[in-house]
K.L.:
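The structure that follows is given in the form of structure tokens.
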There are 2 protein chains.
Amino acid sequence: MTVTIYDVAREAGVSMATVSRVVNNNPNVKPQTRKKVFEAIERLGYRPNAVARGLASKKTTTVGVVIPDISNAIFAEVARGIEDIANMYHYNIILCNADKKKDKEIRVINTLLEKQVDGLLFMGGAVTDEHLQAFKTANVPIVLCATTDENGTIPSVDIDHEGAAFDAVQTLIKSGHTRIAMICGTLQDPSNGYARFQGYKRALEAAGLPYDETLVRIGNYRYESGVDAMKYFLELETVPTAVFSATDEMAIGAIHCIQDAGLKVPEQISVISVDNSRMASMVRPQLTAVAQPMYDIGAVSMRLLTKLMKKEAVENPRVVLPHEIVNRQSVGSK
Amino acid sequence: MTVTIYDVAREAGVSMATVSRVVNNNPNVKPQTRKKVFEAIERLGYRPNAVARGLASKKTTTVGVVIPDISNAIFAEVARGIEDIANMYHYNIILCNADKKKDKEIRVINTLLEKQVDGLLFMGGAVTDEHLQAFKTANVPIVLCATTDENGTIPSVDIDHEGAAFDAVQTLIKSGHTRIAMICGTLQDPSNGYARFQGYKRALEAAGLPYDETLVRIGNYRYESGVDAMKYFLELETVPTAVFSATDEMAIGAIHCIQDAGLKVPEQISVISVDNSRMASMVRPQLTAVAQPMYDIGAVSMRLLTKLMKKEAVENPRVVLPHEIVNRQSVGSK
DNA sequence: CTGTTAGCGCGTTCAC
DNA sequence: GTGAACGCGCTAACAG
């Protein structure tokens, strides 16, 4: 039924070892023999069985990718970066959505390891002891991608979320704003949630501004929750003159909420966010945001993983990619 | 180093066959024995090797997914539908971007087949003879996902692109518009490009409206190309009163271009599109669009593939999912 | 209910 | 430069 290396060997009149050499580009084969083998392969339509190869060689040229949600534009961008580099180094990726749920994450990590992936890229919520435990039993390299662990013991690629938030809020402060609201992600989320909230508070503090908890709303990263949060802010006795959103989507929701209320951005209220997804330039006014290089985070983490898998030396196993403010039209001076 | 089924057998004082039975939930094991085995597994930290299992059983519980570009919101949504259902049936997916490039598509199809995937989901550009050839040599089921082949010989899940476009344009016509422009995808793209263009023409024809080729611009599905196309339309001697865009993104570009020119949507110019991505409700005015159920396309095609892989009978191997108009605010009457 | 025995398709020594 | 033989870790009959 299926044609094996053995069939090719017989067809070409050589041993299967020789066919294996040809297929794997081993130079120790006479050109003439090589040609015979190639012809036999062609004639029989032989397709090497990567599973058998994986068992024999203990390498699958496949890496596992744990991602929160591929339908989220931010993560999809990271995934594309990962896949492009994986492809470049002849790896394939098995993709698993885990929605930042710990149990689901642990489960997919284990099935990925059962599938004998050569490495693992983990993008999730908090890295707990259970995660660490699962990672430890893996005897393949692991890279955290756009997520960090407290102890900092695992190789990772991320941006400085706290710093990015700090910079965003400082931009607002420099423009003269003093009453600045924040639309935050859940504080359970270490990077997108907690760290950005910390950055917000630190910026306030650095400027000698008071922290007012009525100016902070927790959203779920989505457009609607940005709308809801802003609706709340607009009903405050003294409405904030600027809002910092933890994501573009929520920021866009806020902008529309403001506009629907008959106010103008940035004339009456300024808006800034962290992400700089493609959507940022697809709103009016265009969104001023701190850019997270998502594609690069994916690409760099995959590149790092390839080095680890090849046991190459890596200079810095914990890379922090730079962020930058992209000034567009949603921030005005007060 | 790595603990195998054999180690577990020794540790539990049973044969490896019994361990295999326990691991695979074979009911023919005495509960007491089962318990002993589980304890040994726990004690040794045994993790079954799916590659070896795949070689022996000739099943990998892995399916290949060829996708144009995971960073495109539309496809990311499909991918999520695929993965959710795959997960439900205990399959994993290997994801490959192929950018609708024929050569890349053929290449990844072959490596996916080498990896012995149990099935293949193909989402790409045109399905050529070369594709058909590659599919034929695969001895696993294949489902076309959001793409179609001319002959209609391969199982597929898609919407009626031509009909969706027809309905969109007809909506415009019913609102009294007679000068309707189209922002089109490349005509080489059978579904998103050509079919939608055909639907546009047919709707015009059905209403007795003349087809005017100066009213058609080719875009690349992206925001900027929508802006560019609209810019061109606005410079025409008689500006169209409505525009039909093949995608949401281009439609949003068009809307902003109109607004930036000081015109209003839908008062002066109406805009409608096909897609209904999440972005459609994230613009002002909110976009009226024909909804493509992308998540469902992914989910249904994966479900179909599971049936094919289990050799279950399938009633209809070529499913066409319904589309519907979602009336929001970007279409006005003339 | 449990154990024995063959392979699954290929990489990899080690001889020749 | 080439072949023979073993083993990767597991499933799947077949006995018992």
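Only this structure's heavy atoms are used, side chains among them; waters, hydrogens and symmetry mates stay out. What you see is a predicted model, and the numbers here were worked out from it, not measured in a lab.
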K.L.:
Looking only at side-chain atoms of B:Leu55, point me to the closest of D:dG3, D:dT11, D:dG9.
P.N.:
D:dG9

K.L.:
Scan A:Asn28 against the nucleic acid and name what it touches under 4.0 Å (heavy atoms): base, sugar-phosphate only, or nothing.
P.N.:
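The answer is base, as A:Asn28 lies within the cut-off (heavy atoms under 4.0 Å) of a base atom.
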
K.L.:
With a 3.5 Å cut-off and just heavy-atom distances, do the side chain of A:Arg21 and the base of D:dG3 make a donor-acceptor pair?
P.N.:
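Per atom types, the contact qualifies.
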
K.L.:
If the helix axis at each end comes from five base pairs, how far does the helix from C:dC1-D:dG16 to C:dC16-D:dG1 deviate from straight, to 10°?
P.N.:
30°

K.L.:
B:Lys30 has a side chain; which of D:dT11, C:dT2, D:dG3 sits nearest to it?
P.N.:
C:dT2

K.L.:
How would you label the contact of B:Val14 with the nucleic acid (heavy atoms, under 4.0 Å): base, sugar-phosphate, or nothing?
P.N.:
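Sugar-phosphate only.
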
K.L.:
Among C:dG9, D:dC10, C:dG11, which nucleotide has an atom closest to any side-chain atom of A:Ala52?
P.N.:
C:dG9

K.L.:
What is the separation between atom NZ on A:Lys58 and atom C1' on C:dC10, rounded to the nearest whole Å?
P.N.:
14 Å

K.L.:
Taking only the side-chain heavy atoms of A:Pro48 (C-beta and beyond), determine which of C:dC10, D:dC10, C:dT2 contains the nearest atom.
P.N.:
C:dC10

K.L.:
With hydrogens left out and only the distance checked, is there a donor-acceptor pair under 3.5 Å joining B:Arg47's side chain and the base of D:dG9?
P.N.:
no

K.L.:
Looking only at side-chain atoms of A:Ala56, point me to the closest of D:dC10, D:dG9, D:dG7.
P.N.:
D:dG7

K.L.:
Looking just at side-chain N and O atoms, do B:Asn72 and B:Tyr221 make a donor-acceptor pair shorter than 3.5 Å?
P.N.:
no

K.L.:
Quick check for you: among D:dT2, C:dG3, D:dT11, whose closest atom lies nearest to any side-chain atom of A:Thr18?
P.N.:
D:dT2

K.L.:
Is the shortest side-chain heavy-atom distance between B:Thr60 and B:Lys115 below 4.5 Å?
P.N.:
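No, side chains not in contact.
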
K.L.:
Using a 3.5 Å distance criterion without hydrogens, assess whether the side chain of A:Asn97 forms a donor-acceptor pair with backbone atoms of A:Ile70.
P.N.:
yes

K.L.:
Send over the distance from B:Glu114 CD to C:dC10 C1', rounded to a whole Å.
P.N.:
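To the nearest whole Å, that distance equals 13 Å.
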
K.L.:
Out of A:Val23, A:Thr2, A:Asp7, which residue meets the side chain to side chain contact (heavy atoms under 4.5 Å, CB included) rule with A:Tyr46?
P.N.:
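That would be A:Val23.
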
K.L.:
Under 4.0 Å from OP1 or OP2 of D:dC8: is there any side-chain N or O of B:Asn49 that close?
P.N.:
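Looking at the OP1 and OP2 atoms of D:dC8, neither is under 4.0 Å from any side-chain N or O of B:Asn49.
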
K.L.:
Of the options D:dT11, C:dT2, C:dG11, whose atoms approach the side-chain atoms of B:Thr33 most closely?
P.N.:
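The nucleotide sitting nearest to the side chain is C:dT2.
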
K.L.:
With no hydrogens and no angle check, just 3.5 Å: does a side-chain donor-acceptor pair link B:Asn110 and A:Arg47?
P.N.:
yes

K.L.:
Checking A:Thr128 against A:Glu130: is there a side-chain donor and acceptor pair closer than 3.5 Å?
P.N.:
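Result is no, nothing qualifies.
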
K.L.:
How close or far is atom P of D:dA4 from atom CZ of A:Arg10, stated in whole angstroms?
P.N.:
13 Å

K.L.:
Separation of B:Lys59 atom NZ from C:dG9 atom P, in whole Å?
P.N.:
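Distance check: B:Lys59 NZ to C:dG9 P gives 14 Å.
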
K.L.:
With a 4.0 Å cut-off on N to O distance, would you call A:Arg107 and A:Asp103 a salt bridge?
P.N.:
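No.
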
